[in-house]
Protein chains: 2
Amino acid sequence: MAKGKATILERCAAIGLRMTKQRRVLAQVLESADDHPDAEEVYRRAHEIDGSISLATVYRTVKTFQEKGILDRLEFGDGKGRYEDAKREHHDHFFNLDTGEVIEFYDPEIEALQERISKRLGFRLVGHKLELYGVPVPPKK
Amino acid sequence: MAKGKATILERCAAIGLRMTKQRRVLAQVLESADDHPDAEEVYRRAHEIDGSISLATVYRTVKTFQEKGILDRLEFGDGKGRYEDAKREHHDHFFNLDTGEVIEFYDPEIEALQERISKRLGFRLVGHKLELYGVPVPPKK
DNA sequence: CTAATTGCAAAGCGTTTGCAGGATC
DNA sequence: GATCCTGCAAACGCTTTGCAATTAG
C-alpha cells in the first residue's frame, strides 16, 4: 500500500498532528487495510491491537484524517461510511452483486472521457466517483 | 417527465398497489419533481397539497416505490436519501461545487466504455453510478 | 369484511459532541 | 504548563417500526 509514498503516520506528522497511541494504532490499521472497512470494523481491528481505543476516537480520527486528505470516505449505499487510504493510486469500484465483493479498477479511457464531458458542460473536473455493478460471466449458478 | 411512458400513478396501479389519497399525492409530487428531493422535501411538497400526510408515510412510500422499481434512491453524500422517477431516461450527475447545483447528463461513450470494462473484468454490467464534481470555467469569481 | 395503509410516537442506527480527565508538545 | 486528545455517555439526524385506527378493494 501507499506505493512509494509517505505512510499515513508520516503524513500525520507532516501536518503537525499530535501522535497519540490511538492514532498510531489507527494509522497502522488503516494503512494495512486493503479493503473498505466501516467505522465499526476499523474499531474492531484497532481494538485487537489496543483494547483501550474507543469507538468515539475512531470516528473522530477518521473524520480528522479525511479532512486532512489522509483518508477518503466512501459510501456503498448501506448508510455506513467506508474508509481507504487517500494516497493509494486512484481507482474506481466494481461491485460483484453475487458475492458483495468490491473490485478496484482503473481505466485511463474513462478518466480522459470524464475530462472531455466536463469541458463540454463548461466545467473543470475536480473529482469523480464511478461505481459499476455487475454479475460474473458465466453466472455463478 | 416520464417521456412517453406510464406515469408513476399508472405504474402503481399496474403492480396492484392500493391507491390511497396519500400515494396519489406523493406520486404527483415525485412525478413533477425535476430535481432530487430528500424525504423531508418530498414531505414538504406533499404537505402543501394535502396537510394530512405524515413523514412516516413519505418514508414508507418512497421505500415501497423504490422496491417496486418506480423510484431510484440516490445518495449525494450528506447522509440523506434523494429520490427520482426511475422511468426517466438514464443519466449521470455532475455536481457544480461552486453552487451545489446538480446537472444531469448522458454520454453514450461513457456507457459503452463501462460495458467494455465490465467485460474485461469478467462481468456482465447490471448498473452503474457516475458522479462528476467540478467548477465552472471560467471560475465564478 | 379483510387485509393493506396510515398517523403517531417511540425506537433504531450510524455518527457527533459536551465534559472532565489524561496525554502530548 | 497550555493545548490537544481521549473515553464515556448523552444527544443527534435520518429512517424505521409497533400499535391502534382508518381505508381500499
Side-chain angles (χ1 to χ4, degrees), chain A residues 8-30 36-68 70-83, chain B residues 8-30 36-68 70-83:
Chain A
I8 290 181
L9 214 68
E10 289 167 341
R11 279 174 275 154
C12 287
I15 59 179
L17 284 183
R18 225 165 243 204
M19 286 319 299
T20 63
K21 176 163 51 96
Q22 292 89 336
R23 284 189 181 155
R24 252 183 283 275
V25 171
L26 288 170
Q28 176 193 331
V29 164
L30 290 162
H36 311 91
D38 58 27
E40 200 80 41
E41 178 60 25
V42 171
Y43 170 68
R44 209 169 295 126
R45 296 179 192 176
H47 205 263
E48 267 179 39
I49 301 175
D50 177 346
S52 80
I53 289 180
S54 74
L55 186 53
T57 293
V58 171
Y59 274 110
R60 273 192 280 239
T61 303
V62 293
K63 175 164 253 209
T64 301
F65 283 7
Q66 181 199 348
E67 286 165 354
K68 301 297 185 184
I70 293 171
L71 285 183
D72 283 335
R73 182 184 206 269
L74 311 173
E75 282 176 40
F76 288 172
D78 57 359
K80 298 187 282 188
R82 314 292 186 113
Y83 302 90
Chain B
I8 291 181
L9 214 67
E10 288 167 340
R11 279 174 275 150
C12 286
I15 59 180
L17 282 184
R18 257 185 211 191
M19 286 319 299
T20 64
K21 176 164 52 95
Q22 293 88 336
R23 283 190 181 155
R24 253 184 282 275
V25 171
L26 288 170
Q28 176 193 331
V29 164
L30 291 162
H36 311 92
D38 59 26
E40 200 81 41
E41 178 61 25
V42 172
Y43 170 68
R44 209 168 295 127
R45 296 179 192 177
H47 205 262
E48 268 180 38
I49 301 174
D50 178 346
S52 80
I53 289 179
S54 73
L55 185 53
T57 293
V58 171
Y59 274 110
R60 274 192 279 238
T61 303
V62 293
K63 174 164 251 209
T64 301
F65 283 8
Q66 181 200 349
E67 287 165 355
K68 301 298 187 184
I70 293 172
L71 286 183
D72 283 334
R73 183 186 207 268
L74 311 174
E75 281 176 39
F76 288 172
D78 58 358
K80 299 187 282 188
R82 314 292 186 115
Y83 303 90

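Letters A, B, ... mirror the listed sequences (proteins, then strands); counts begin at 1. Values in this document were obtained by computation on a predicted structure and should not be read as measured data.
- Between the CD atom of Glu67(A) and the P atom of dC5(D) there is a distance of 12 Å, rounded to whole Å.
- Of the possible polar contacts, none joining the Arg24(A) side chain to the Leu9(A) backbone as a donor-acceptor pair under 3.5 Å is found.
- Proximity of Ser52(A) to the phosphate of dT6(D): no side-chain N or O atom is located under 4.0 Å from OP1 or OP2.
- Taking the side chain of Ser54(B) as heavy atoms from C-beta on, and the options dT6(D), dT16(D), dC8(C), the nearest nucleotide is dC8(C).
- His47(B) NE2 to Leu55(B) CG: the interatomic distance, rounded to the nearest 0.5 Å, is 10.0 Å.
- Ranking dT15(D), dT15(C), dT6(D) by closeness to the Leu55(B) side chain, first place goes to dT15(D).
- Between Thr20(A) and the phosphate of dT6(D), there is a side-chain N or O to OP1/OP2 separation shorter than 4.0 Å.
- Between the NZ atom of Lys80(A) and the P atom of dT15(D) there is a distance of 17 Å, given to the nearest Å.
- Straight-line distance from the CG atom of Leu17(A) to the P atom of dT24(C): 14 Å, rounded to whole Å.
- Between the CG atom of Asp38(A) and the C1' atom of dC13(C) there is a distance of 12 Å, rounded to whole Å.
- Under 4.0 angstrom from either OP1 or OP2 of dG22(C) there lies no side-chain N or O belonging to Arg18(A).
- One can place NZ of Lys21(A) at 14 Å from C1' of dG21(C), the figure rounded to the nearest angstrom.
- In this structure, Arg45(B) contributes its side chain and Val29(B) its backbone to no donor-acceptor pair below 3.5 Å.
- Note that CD of Glu41(B) is 13.0 Å distant from NE2 of His36(B), once rounded to the nearest 0.5 Å.
- A donor-acceptor contact under 3.5 Å links the side chain of Arg60(A) to the base of dG18(C).
- When rounded to the nearest whole Å, the span between CG of Asp50(B) and P of dT6(C) equals 11 Å.
- Within the nucleic acid shown, Glu40(B) has no heavy atom closer than 4.0 Å to any nucleic acid atom.
- In terms of phosphate contacts, Tyr59(B) brings no side-chain nitrogen or oxygen within less than 4.0 Å of OP1 or OP2 of dT16(D).
- OP1 or OP2 of dT5(C) has at least one side-chain nitrogen or oxygen of Arg23(B) nearer than 4.0 Å.
- Taking OG1 of Thr20(B) as the start and CG of Leu26(B) as the end, the distance is 8.0 Å to the nearest 0.5 Å.
- Among the atoms of the strands shown, only primed sugar atoms or phosphate atoms (P, OP1, OP2) are found under 4.0 Å from some heavy atom of Arg73(A).
- In this structure, Arg82(A) places its CZ atom 15 Å from C1' of dT15(C), rounding to the nearest Å.
- For Ala56(B), whose side chain is taken as the heavy atoms from C-beta onward, the closest listed nucleotide among dA9(D), dC8(C), dT15(D) is dC8(C).
- Between Lys63(A) and dT16(C) there is a side-chain N or O to OP1 or OP2 distance below 4.0 Å.
- In this structure, the CG atom of Leu74(A) is 17 Å from the P atom of dG14(C), given to the nearest Å.
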